[in-house]
Amino acid sequence: MDIRRVAPSQTVQRIKENDPNITVIKWTERERNDYFIENMTNEDWEELGRDISNNTHLKDLTLREGALDDRKLSFFCRGLTRSSSIKQMNLNANGLSAVGIRSMVPFLQSTNNLTSLDLDNNNIQSEGFNVLFRALHDSPSIKRLYCNSCGIESIEIDSDHIPKHLTGLYLDGNNINTDGCRGLAKLLQGGDATLRELFLYGNKIDDEGVEILVDVLQNNKSLTDLDVRQNNDITYDGESMLLKLVNNTSSIKATLHSNHTLEYVCVKLLLLDEEVSEIQTHIKMATQI
């Protein structure tokens with residue numbers, strides 16, 4: 001069913017009725033201006049959350065671009081304490097803070113089919129991310145977590161409480177530095193690491209941060225994609241460490257023990273200058289063998 005033709009008021013009623021034809025809610029900036037949504041009270045948001053908790057057909061929940069704020073989310077999550085059907089949740093660009101994330105914890109700890117959570121372009125900062133990650137550690141289903149441009153700097157990860165099925169972590173446009181890399185390294189160590197994609201475009205990572213990631217990736221067998229472009233404090237030395245990680249030519253033994261799991265490693269945009277482009281080209285060649 002084309003949900004764009006269903007008015008928000010009708011959607012709410014049909015969610016309450018557990019209509020099997022309503023599997024998606026997508027309220028964005030356009031729907032935010034709908035009279036019905038604008039006039040939803042705190043109690044209305046709580047009731048909608050409760051109806052979604054009892055619904056068994058809704059798979060994709062999108063409330064983005066100002067459809068929510070911390071207050072509305074708090075009331076919404078008083079009702080939304082579980083879901084047996086939601087697989088994707090998108091709360092992009094709502095101005096949410098750590099306060100809003102804390103209100104989501106009961107839902108995140110009890111939902112059992114959520115595979116993708118998108119919180120891009122909010123202001124959850126390090127506090128909110130750390131709360132979020134702890135809440136997801138027992139999730140039986142979460143695979144992809146999007147927290148691009150969320151003001152994150154430090155990352156606290158308990159090695160014993162890592163989401164067991166997380167394969168993609170997207171953290172572009174934050175302020176992650178060396179300390180943040182130490183936290184991320186915990187996701188990549190050990191034989192049971194599951195992360196396949198780690199995107200860190202446009203952060204504050206320097207050569208020391210690269211060294212931390214390279215060190216843990218020496219023995220990692222899960223990560224296939226790593227993007228650290230536009231981290232302007234990464235110098236030639238950091239780029240060289242990444243090249244050596246995937247193609248160590250110091251000896252035959254070292255070459256054999258290079259990381260052969262990585263398929264995509266991007267540290268600089270090509271053509272910025274000849275020297276950088278040459279290293280990136282060699283990295284690309286090594287990961288495509």
Side-chain angles (χ1 to χ4, degrees), residues 92 116-121 129 143-155 157 166-189 193-250 254-289:
N92 190 322
S116 176
L117 177 59
D118 185 342
L119 287 162
D120 289 353
N121 303 302
F129 179 82
K143 293 182 179 180
R144 295 177 299 279
L145 180 59
Y146 299 86
C147 291
N148 298 308
S149 300
C150 282
I152 300 166
E153 296 182 7
S154 61
I155 293 177
I157 293 176
L166 188 68
T167 59
L169 183 57
Y170 309 94
L171 297 169
D172 294 344
N174 285 292
N175 299 304
I176 295 168
N177 53 23
T178 300
D179 287 339
C181 288
R182 291 191 181 95
L184 290 170
K186 296 179 181 179
L187 293 175
L188 301 167
Q189 64 188 15
T194 60
L195 201 66
R196 292 177 56 83
E197 297 182 348
L198 179 58
F199 281 62
L200 297 166
Y201 180 104
N203 278 277
K204 297 187 180 299
I205 298 170
D206 58 12
D207 289 348
E208 185 179 357
V210 170
E211 184 176 10
I212 291 167
L213 295 176
V214 165
D215 183 59
V216 74
L217 286 170
Q218 297 283 355
N219 299 307
N220 177 274
K221 302 299 181 184
S222 68
L223 198 72
T224 60
D225 292 46
L226 175 64
D227 189 343
V228 290
R229 289 175 297 163
Q230 294 298 296
N231 284 272
N232 296 326
D233 291 329
I234 297 178
T235 70
Y236 182 90
D237 291 339
E239 297 157 18
S240 298
M241 282 188 276
L242 286 166
L243 175 57
K244 189 174 181 181
L245 170 68
V246 295
N247 188 25
N248 188 340
T249 58
S250 61
T255 301
L256 291 173
H257 285 86
S258 298
N259 184 306
H260 300 299
T261 304
L262 282 162
E263 300 173 359
Y264 169 87
V265 179
C266 201
V267 60
K268 289 287 185 183
L269 296 173
L270 296 180
L271 306 179
L272 287 178
D273 62 65
E274 292 181 2
E275 187 175 47
V276 170
S277 295
E278 182 180 358
I279 289 184
Q280 180 64 73
T281 300
H282 284 304
I283 290 174
K284 183 176 181 180
M285 291 173 61
T287 54
Q288 292 182 347
I289 294 176

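We use all heavy atoms of the structure for the numbers below, so side chains are in, but hydrogens, waters and symmetry mates are not. From a predicted model like this one, the values you see are computed outputs, not experimental measurements.
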Identify the heavy atoms of [X] and [Y] that sit nearest to each other, and give their distance.
| X | Y | value |
| --- | --- | --- |
| I212 | A185 | CG2-CB, 4.0 Å |
| A193 | N220 | CB-ND2, 3.8 Å |
| N231 | K204 | OD1-N, 3.3 Å |
| Q189 | V216 | CB-CG2, 3.6 Å |
| S222 | L195 | OG-O, 2.8 Å |
| L187 | L169 | CD1-CD2, 3.6 Å |

Look only at the side chain of [X] and the backbone of [Y], and say whether a donor-acceptor pair between them is shorter than 3.5 Å.
| X | Y | answer |
| --- | --- | --- |
| D225 | D227 | no |
| D172 | N148 | no |
| T261 | L223 | no |
| D215 | L213 | no |
| N174 | N203 | no |

Contact between [X] and [Y] at the side-chain level, heavy atoms closer than 4.5 Å - yes or no?
| X | Y | value |
| --- | --- | --- |
| L245 | Q218 | yes |
| D206 | N177 | no |
| L226 | L217 | yes |

### Task
Would you sort out whether Y146 and S116 count as a side chain to side chain contact (heavy atoms under 4.5 Å, CB included), showing the intermediate values?
CA-CA 8 Å; Y146 299 86; S116 176; 3.6 Å; yes
Calculate, to the nearest 0.5 Å, the distance between atoms [atom1] and [atom2] belonging to [X] and [Y] respectively.
| X | Y | atom1 | atom2 | answer |
| --- | --- | --- | --- | --- |
| L171 | S149 | CG | OG | 10.0 Å |
| L242 | C266 | CG | SG | 10.5 Å |
| R229 | Y201 | CZ | OH | 5.5 Å |

### Task
Would you mind checking if R196 and E263 are paired as a salt bridge, meaning a charged N to carboxylate O distance below 4.0 Å?
no
### Task
Can you spot which of D237, D233, N232 makes a side-chain contact (heavy atoms from CB on, under 4.5 Å) with T235?
D237
### Task
Applying side-chain contact (heavy atoms from CB on, under 4.5 Å) between V210 and each of T178, V267, I205, report the one that passes.
I205
### Task
Tell me, with the steps shown, if L184 and L200 meet side chain to side chain contact (heavy atoms under 4.5 Å, CB included).
CA-CA 11 Å; L184 290 170; L200 297 166; 3.7 Å; yes
### Task
Might you work through the side chain to side chain donor-acceptor pair (under 3.5 Å) test for N121 and N92, ending with a clear yes or no?
CA-CA 6 Å; N121 303 302; N92 190 322; 3.1 Å; yes
### Query
How are the rings of F199 and Y264 set to each other: parallel, tilted or perpendicular (split at 30° and 60°)?
parallel
### Message
Between E197 and K143, does the salt bridge (charged side-chain N to carboxylate O under 4.0 Å, His left out) criterion hold? Intermediate values first, please.
### Response
CA-CA 10 Å; E197 297 182 348; K143 293 182 179 180; over 6 Å; no
